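A short worksheet on the structure shown next.
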Amino acid sequence: MKEYRLIMTIFGASGDLAHRKLYPALYQLYNKGFLADHFAIIGTARRAWDDEFFRQVVKESLSQAKQANENIEDFLSHFYYQANDVKESRQYNQLKKLSLSLSEKYQTQGNQIFYISLSPKLFPVITIQLKNQGLLTDQGYNRLIIEKPFGYDEKTAEELQTQLTQSFDENQIYRIDHYLGKSIVNQILPIRMNNFLSQFLWDPANIDHIQITLDEEIGVEDRGAYYETSGVSRDMIQNHALQLLTLITMDLPANRSNEALRQKKIDRLKQLKHYADLEVLKKHVVRGQYIQSEDQSHVAYRQEKDVASDSTTETYMALKIAIEQDKWANTPIYLRSGKHLNNKQTDIKIIYKKQAENVPANYLQIELAPHAGIRLCLSQSDSTHRNEIKELNLCYHLPRELTKVIPGDYEKLLFDCMNGDLSNFAHYLEVKYAWQFIDSIHALWQEEKDPDLAFYPAQSNGPEAGDYLIEKDNRSWFNE
Ligand code: BG6
């Protein structure tokens, strides 16, 4: 087992993400022996905590994640806290001193990961200080992990990129998309690359269409202010959904290096066909918003905290997407995502061309949630005298005993970053082309005098317009 040497500095150490995801993920890496004697975690935030208090906070997060066990005290002893106002240059000096002394104490060979789990506005503020105050050393590596959103549109993403690359090169920037840390998502390329049958299963000549569903049961919860600036288009489609689409449809390079694969992802995102005008957009894109649930147990989006009472922010979208200039050009991809739908369902379905009118189409389902797994759905006879057609499901679900061994999404992504493996992080150009696609939709929406919002009750199937989008092509959503 390789033991890794590093110092990880977490900006936003008192935040929800660190509490829910990062500390439990680090503890898993520690329990598996990847982190042992030669690591330190520096937590920084504005609050005036000390090391002791910080360790208690981390301990608390592990007990909530039901992870704490007997070696916890040793793990916690690697955590240090530095109160820090990220805008104050002076404080970076203290951070530097702490980092140097810990590097000495734990012999971390100068390897540093900076994890910023704060508002994106603060990303460049911090990275410029890290450089100017001399925290980036050339002894080991310097890597930066940032959370989404990376910009609000292409223009702001580009500004952010220009600012960040004053301190970090593109190949030192790890942009988190937690979907790319999900184990079943990590299976897509190996399945495509390592199986003879995949040549057939992934040949667009055999595929009728693809459905990608990212339905959520939860509403916007306490994130109304953020969601007002984002909507589902920026919150889920620009990143998670388009990443899934890319993994499913990207070309596989002859040379399977991580760089070549990343380049193929970039190429695919560049080839998403933009909608020509508002007329075309209306035929291919539905935007919706939830209203009060029928049983009145859930309020309308417009009644959520920090949401405008006349908000036109979309909480649901269904789109028909085409890929240009490619063998995929005639294979439509239907994508939908929404908040407050009646089920959590996250999956990709590749639906094959029908063999005969009365025989259901075969399909391949890659399910992320609620049950991570893969299912190939074929047809068979029911073996009775009636000889009726019946489904034959070839299923694989992640076995329970493996869930302890298989890393969770954040654990996987932290581990990849420790290894310098960028393949599960979005390259800037992926982000850029995804924004171009989303921006083109927003630009057309701007032309509308009255936003054409399809309302749907919270905890329902979503708006009828979302079903009609696919039904008018004589197809329907597969809701299994
Ligand atoms: C996040 C979004 O990126 O993904 C949230 O900001 C959303 O709004 C979440 O709820 C969904 O992630 P998952 O892993 O539960 O599908």
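Heavy atoms only: backbone and side chains are in, while hydrogens, waters and symmetry mates are out. Since the model is a prediction, treat every value here as computed from it, not as a measurement. Whatever order the structure lists ligands and atoms in, that order sets their numbers, starting from 1.
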Inset, instruction - For atom 16 (O) of ligand 1, find the nearest protein heavy atom and state the residue, atom name and distance (0.1 Å precision). - result: Tyr179 OH, 2.5 Å

Legend entry - Quiz item: cation-pi between Arg234 and Tyr152, 6.0 Å / 45°: yes

Inset, instruction - Verify the ring-centre separation between Tyr27 and Phe75: is it less than 6.0 angstrom? - result: yes

Inset, instruction - Under 4.0 Å from a heavy atom of Lys182: give me the atoms of ligand 1 that qualify, with their elements. - result: 13 (P), 14 (O)

Inset, instruction - State whether Tyr141 and Arg143 meet the cation-pi test: NZ (Lys) or CZ (Arg) under 6.0 Å from the six-membered ring centroid, and within 45° of the perpendicular axis. - result: yes

Legend entry - Protein heavy atom at shortest distance from atom 10 (O) of ligand 1: Glu216 OE1, 2.5 Å

Inset, instruction - Give a yes-or-no answer on whether the side chains of Gln112 and Thr9 include a donor-acceptor pair shorter than 3.5 Å. - result: no

Inset, instruction - Please determine, by modelled atom types, if Tyr226 and Asp235 share a side-chain donor-acceptor pair under 3.5 angstrom. - result: yes

Inset, instruction - Report yes or no: do Asn239 and Gln243 form a side-chain donor-acceptor pair below 3.5 Å? - result: no

Legend entry - Distance-only N or O hit between ligand 1 and Lys148, under 3.5 Å: yes

Inset, instruction - May I ask you to identify the nearest protein heavy atom to atom 15 (O) of ligand 1, giving residue, atom name and distance to one decimal place in Å? - result: Lys344 NZ, 3.0 Å

Inset, instruction - Name the closest protein heavy atom to atom 12 (O) of ligand 1, giving the residue it belongs to and the distance to 0.1 Å. - result: His178 NE2, 3.1 Å

Inset, instruction - Could you establish whether Tyr227 and ligand 1 come within less than 4.0 Å of each other, counting only heavy atoms on the residue side? - result: no

Legend entry - Cation over ring face, Lys412 and Phe415, 6.0 Å, 45°: no

Legend entry - Enumerated ligand 1 atoms positioned under 4.0 Å from heavy atoms of His240: 1 (C), 3 (O), 4 (O)

Legend entry - Lys339 neighbourhood, listing ligand 1 atoms whose heavy-atom distance to it stays under 4.0 Å: 5 (C), 7 (C), 8 (O), 10 (O)

Inset, instruction - Find all atoms of ligand 1 within a distance of less than 4.0 Å from any non-hydrogen atom belonging to Asp235, and give their numbers and elements. - result: 2 (C), 5 (C), 6 (O), 8 (O)

